[in-house]
2 protein chains.
Amino acid sequence: MSSIKDVAREAQVSIATVSRVYNNPKVVRGKTKERVYSAAEKLGYTPNFLAQTLRKSIVGTIIAIVPDVSNAFFMDMVRGIQDYAESRGYNVLMGHFNLNNFDIRKYVKLIKSKAADGIVMATGHNRHFKPVKEARNVPMVTIEEEFMGNPYIYVDNFEAIKKIVEYLAFKGRKKMGFLGFKTEEERFEAFKSALKMYGLEYDKNMVKKGEEVGKAVYNSAMEYVESLVEKHKIPEAIVCTSDVLAAGAIKWLIKSGLNVPKDVAVTGFDNIEVAELVYPGITTVEQPHESMGHEAARLLINKIEGHEIAKKIVFQTRIIIRESA
Amino acid sequence: MSSIKDVAREAQVSIATVSRVYNNPKVVRGKTKERVYSAAEKLGYTPNFLAQTLRKSIVGTIIAIVPDVSNAFFMDMVRGIQDYAESRGYNVLMGHFNLNNFDIRKYVKLIKSKAADGIVMATGHNRHFKPVKEARNVPMVTIEEEFMGNPYIYVDNFEAIKKIVEYLAFKGRKKMGFLGFKTEEERFEAFKSALKMYGLEYDKNMVKKGEEVGKAVYNSAMEYVESLVEKHKIPEAIVCTSDVLAAGAIKWLIKSGLNVPKDVAVTGFDNIEVAELVYPGITTVEQPHESMGHEAARLLINKIEGHEIAKKIVFQTRIIIRESA
DNA sequence: GAATTCAATGTAAATGTTTTCATTATCAAC
DNA sequence: GTTGATAATGAAAACATTTACATTGAATTC
């Protein structure tokens, strides 16, 4: 690989001039510029990123940490992050979160060692995650939940679930079940509180909060429906905390000879492709994943570049009505 | 940020010694090491990644380019890439591919400027992608299709589709339709060739090859089924080139009052979560996405580190039988 | 024609490391 | 107490840049 030195020699100028041609072209004479350009072309020169950033001490890379489950949800978010980062000239380094084997210090180290400037974290479990002292001064923005007092992107789960229950109640459904995961407390609380609000009875037998390890999502839905059938406790509606869960529930309900939505209405959460793809289409809560990623990246980059930024950005959800409820 | 210099001063040793403590600890005396460690601790020192790689001229970053559609397929692949890269101490930079707005030169530049060492490319469209002269000497491994003579990871589409048709024929299905995209020529050819092999008739009316721009996947399935119904040309089986297409087809078939698989059998491709999630579960071809990513990363990193590597790695597919066929 | 100004370019320091080579300290053997 | 060998450390070059400061040269003004 040829360096700036080689180009300088070839073009018969100093290295400073070559550097200027790339960083501040207007200060160098047209003719000299020409010489430099053709020398660079001839030698196939590209400025060395490492040396540049070492000198300028601005890296231009952010880390995006998402769970390592293959969910379209996170893929969309990553895309939002990436698109925006790109528009600001930043690169995105992939990080991944694994519930039973995650050490954020690995990523913090990348920041401290100047391999990257900041972190967008969307684990879905920040809340259950101990603060890490090394991460104290690392520019970080989280999605969905707060972490260590950093700015975060928030979706009003409480409001969303409330709207869903309201919709179901409005449609005349009384006995409602809940299918979610242990970590989604806010949504569960919202469910219970909404039931109360609409004068509906809460039945513990119709609730399942799974463990969420690995690919248990599908099994969780299956077990849930099986236990309902076994107990002869069939709700008139099931509120699920994700579209994947809802799809699973629908599948098993149909298999058990029940009709969705006639016998049992089912609602999801996320509005990912699956919600549209299955039959019946899933009535669900839309989360603007891509925009969330977008905003997270925007906050982070602004912070990195020293601007004052918001502490919290709240996104509105809306209900998408399809056939399942 | 404190540098190696600061630590050296604090510990009263030379910078060389500090460096050695981190890179080659056994050559420095225990007591000195102690001094250095506590100085580093006190100053919160982390070696500067940029300076390190500048000096060692080994970067330790690869770029993973995947399409920007939110498909679990690619998410799995990225995970495979990332997991393996991590195990070799490499970071993964996200790149994304957009059919009508993709310029690989952006990524090539990152390599040339030493921001990264190589590229794993999984666009699904390499074949239709013009060679780029700048990319000539860039370490690159592609997935699914060859590109510019680089090593690639291959799945035998021909064989896979053949197996699917064989299975359907074996089940007594005669009139078969095909739903895929224009770019998937190999699978289409395989379909036609397999029909011939089993003495079945090819009916142009039962074929759709969509354009595949953006999120058209779902619509494509809908239009396909609608046109079949309109023409009163209902096949006994439909071979789809992805699970998403299959799910869409199933949904619209059911909506049209047809029974899957009784009236129409439907098969997918990929074996992503959706295949398990919908009802009826989709009979499909399993592609080992994660392993493919894994192998791609392995090849690339070996190439980067100067080892001799394979030109082509072929993965075996297998049929996963569920309810839809 | 000398003085002044300004545009264009060059020199050299600085960024934070690793590593080669040279030097010094330590210790055993005679 | 020398000598020699070896272990531990230091000095400085090298990696590829950017940039503050200095220098040059030409044009402008008087």
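Every chain is numbered from 1 and lettered A, B, ... according to where its sequence line falls, protein lines coming before strand lines.
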Under 3.5 Å, is there a donor-acceptor pair linking the side chains of B/R88 and B/N302?
yes
Quick check for you: to the nearest 0.5 Å, what is the distance between B/D103 atom CG and B/N98 atom CG?
12.0 Å
Chain B on DNA chain D: first and last contacting nucleotide, 5' to 3', under 4.0 Å to a heavy atom?
D/dA8 to D/dA16
Would B/K312 pass as a cation-pi partner of B/Y152, given that its NZ or CZ must be under 6.0 Å from the six-membered ring centre and within 45 degrees of the axis?
no
Between the CG atom in A/N150 and the CD1 atom in A/I119, the distance rounded to the nearest 0.5 Å is 9.0 Å
With sugar-phosphate taken as primed atoms, P, OP1 and OP2 and all else as base, the protein-contact string of nucleotides 13-20 of chain C at under 4.0 Å (heavy atoms; B, S, -) is BBBBBBBB
Mutual orientation of the aromatic rings belonging to A/Y22 and A/Y45 [parallel < 30°, tilted 30-60°, perpendicular > 60°]
perpendicular
Where along residues 29-39 of chain B does a heavy atom come under 4.0 Å from DNA chain D, residue by residue in number order?
B/R29, B/T32
Using side chain to side chain contact (heavy atoms under 4.5 Å, CB included), reason through B/E146 and B/K311 one step at a time and then give a plain yes or no.
CA-CA 10 Å; B/E146 187 168 11; B/K311 173 76 187 74; 3.2 Å; yes
For the aromatic rings, using the six-membered ring if either is Trp, is the centroid distance between A/F74 and A/H289 under 6.0 Å?
no
Roughly how far, to the nearest 0.5 Å, is CD1 of A/I62 from CG of A/L300?
5.5 Å
Scanning both residues in full, the closest heavy-atom pair of A/G60 with A/D117 reads N-OD2, 2.6 Å
Distance (rounded to the nearest 0.5 Å) between A/S2 OG and A/R9 CZ:
10.0 Å
